[in-house]
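Taking it in order: structure first as C-alpha cells, then the write-up.
Numbering of ligands and ligand atoms starts at 1, following listing order. Remember, predicted model here, so these are calculated numbers, not experimental data. Sequence positions, counted from 1, serve as the residue numbers for this chain.
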Amino acid sequence: MFSLKVDDEIELGLFEVKQAPTLFALVDQNREYLREWLPWLDANTSVEDTKTFIKGALQQFAENNGFQAGIWYKGELAGTIGFHYVHWVTGRTEIGYWLGKNHEGHGIMTRATRKLVEYAFNDLGLNRVEIRCATGNHKSRAIPERLGFTREGTLRQVFRNYDQLFDIVVYGMLAGEWGK
Ligand SMILES: CC(C)(COP(=O)(O)OP(=O)(O)OC[C@H]1O[C@@H](n2cnc3c(N)ncnc32)[C@H](O)[C@@H]1OP(=O)(O)O)[C@@H](O)C(=O)NCCC(=O)NCCS
C-alpha cells in the first residue's frame, strides 16, 4: 500500500478497509471536537460507514484523483490527511486534514502537510496546492500560514457546517514559490 515517511515519528499510509475499526474509534472518541469544523460526523456513526469512506477513498486513489491517508504518529493513528482531488489539466490539488484532540500541539499536521506539498510538487509534478479553512478556524489557518502559503482571498458563506454557513479563507502555494 502507498505510504510516505515524514520523519522518525510520523508515517502517512493509504487507508485499508481492515483499518476501519481503528479509524472509526478515533472518529467516535473525537466526535464533538471534530464537529465544530467538519460536516460529515453525523453521516459516520458506525464501522460500516467508515468502511464505506475507505472504499470511496481507495476508489479515488485508483482513479488517480487524490487519496486519503492515515497519519500514524509513533505507530498510533492520530488523524487523516489527503488530497481532496487532483485536477491534472491545471496541475492543482487541495489538502484536507484533521487530528484527534490528544494529538494536537505537536506539529504533526504541519509536518504531514509539508510532506504532502513536497510530494505534490516533486513527485506528482503539480503546480498549485490549495488549503481552504473557515475564517474562524485559527488552528487550521496556522498550518498554511506556518508553511508560507499566500492568503489569496475569502469566499463568503460557501461552507455549510450543519445548520450554519461560514466564510472560507483560500490559501495557495505555487511550485515556483515552494522552498524560497
Ligand atoms: C486543524 C488541526 C489539524 C490543527 O492541529 P494542530 O495540532 O494545531 O497543528 P499541528 O499538528 O501542526 O501543531 C501545531 C502546534 O504544535 C506546535 N509545534 C510543536 N512542534 C512543532 C513542529 N515541529 N512544527 C510545527 N509546530 C509545532 C506549534 O507551536 C503549534 O502549537 P500552538 O497552536 O500552541 O502554537 C486540528 O486543530 C484539527 O484537527 N481540528 C479539527 C478538524 C479541523 O479543523 N480540520 C481542518 C478543517 S479546514
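Scanning the protein heavy atoms around atom 11 (O) of ligand 1, the nearest turns out to be Met109 N, 2.8 Å. The protein heavy atom nearest to atom 7 (O) of ligand 1 is Gly105 N, 2.8 Å. In this structure, atom 23 (N) of ligand 1 lies nearest to the protein heavy atom Arg111 NE, 4.1 Å. For atom 35 (O) of ligand 1, the nearest non-hydrogen atom of the protein is Arg146 NH2, 4.2 Å. Of the protein's non-hydrogen atoms, Leu99 N, 2.8 Å is the one closest to atom 39 (O) of ligand 1. Summary of contacts: the protein heavy atom closest to atom 40 (N) of ligand 1 is Tyr33 OH, 3.2 Å.
The heavy atom nearest to atom 21 (C) of ligand 1, considering only Gly107, Ala112, Gly100, is found in Gly107.
Considering every non-hydrogen atom in both Gln60 and His84, the closest pair reads NE2-O, 3.0 Å. Residues Arg141 and Cys133 approach most closely at CG-CB, 3.6 Å, considering heavy atoms.
Applying the side chain to side chain contact (heavy atoms under 4.5 Å, CB included) rule to Trp88 yields the partners Asn64, Val86, Leu124, Leu126; only residues at least two apart in sequence or on another chain are considered. Looking at residues two or more places apart in sequence or on another chain, you find no side chain to side chain donor-acceptor pair (under 3.5 Å) involving Thr52.
With a 4.5 Å cut-off on side-chain heavy atoms, Ile81 and Trp98 do not count as touching.
Set against the non-hydrogen atoms of Thr110, the atoms of ligand 1 under 4.0 Å away are 10 (P), 12 (O), 25 (C). Counting atoms of ligand 1 from 1 in the listed order, those under 4.0 Å from a heavy atom of Tyr97 are 45 (N), 46 (C). In summary, the atoms of ligand 1 found under 4.0 Å from a heavy atom of Trp37, numbered by their order in the structure, are 44 (O). Close contacts of ligand 1 with Ile108, meaning ligand atoms under 4.0 Å from a residue heavy atom, involve 10 (P), 11 (O).
Here's the thing with Cys133: none of its N/O atoms is less than 3.5 angstrom from an N/O atom of ligand 1. Residue-to-ligand polar distances keep Trp98 apart from ligand 1: every N/O pair is separated by 3.5 Å or more. For Asn137, a nitrogen or oxygen atom sits less than 3.5 Å from a nitrogen or oxygen atom of ligand 1, counting backbone and side chain alike. Residue Arg132 has no N or O atom closer than 3.5 Å to an N or O atom of ligand 1. When only interatomic distances are considered, the shortest N/O to N/O separation between Ser140 and ligand 1 does not fall below 3.5 Å. For ligand 1, the polar-atom distance check finds no N/O of Ile143 at less than 3.5 Å from any of the ligand's N/O atoms.
Contact annotation: for Glu36 versus ligand 1, there are no heavy atoms closer than 4.0 Å.
Looking at Glu104 and Lys101, a side-chain N of the basic residue comes within less than 4.0 Å of a carboxylate O on the acidic one, giving a salt bridge. Classification of Lys18 and Glu16 as a salt-bridged pair holds, one side-chain N sitting under 4.0 Å from a carboxylate O. For the pair Lys5 and Asp8, the salt-bridge criterion is met [side-chain N within less than 4.0 Å of a carboxylate O].
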Requested in this report: Would you sort out whether Leu155 and Asp167 count as a side chain to side chain contact (heavy atoms under 4.5 Å, CB included), showing the intermediate values?
Outcome: CA-CA 6 Å; Leu155 306 179; Asp167 294 354; over 6 Å; no
Query raised in the report: Is there a side chain to side chain contact (heavy atoms under 4.5 Å, CB included) between Tyr73 and Arg111 once you walk through the steps?
Result: CA-CA 11 Å; Tyr73 179 68; Arg111 288 184 270 166; 4.1 Å; yes
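To the nearest 0.5 Å, atom CG of residue Leu99 and atom NE2 of residue His106 are 9.0 Å apart.
In this model, no donor atom of one side chain and acceptor atom of the other lie less than 3.5 Å apart for Glu130 and Tyr171. Looking only at atom types and distance, the side chain of Thr50 has a donor-acceptor partner in the side chain of Asn44 under 3.5 Å away.
Remark: atom 37 (O) of ligand 1 lies closer than 4.0 Å to at least one protein heavy atom. Using a 4.0 Å threshold on non-hydrogen atoms, atom 33 (O) of ligand 1 counts as touching the protein. At a distance under 4.0 Å, a protein heavy atom can be found next to atom 26 (N) of ligand 1.
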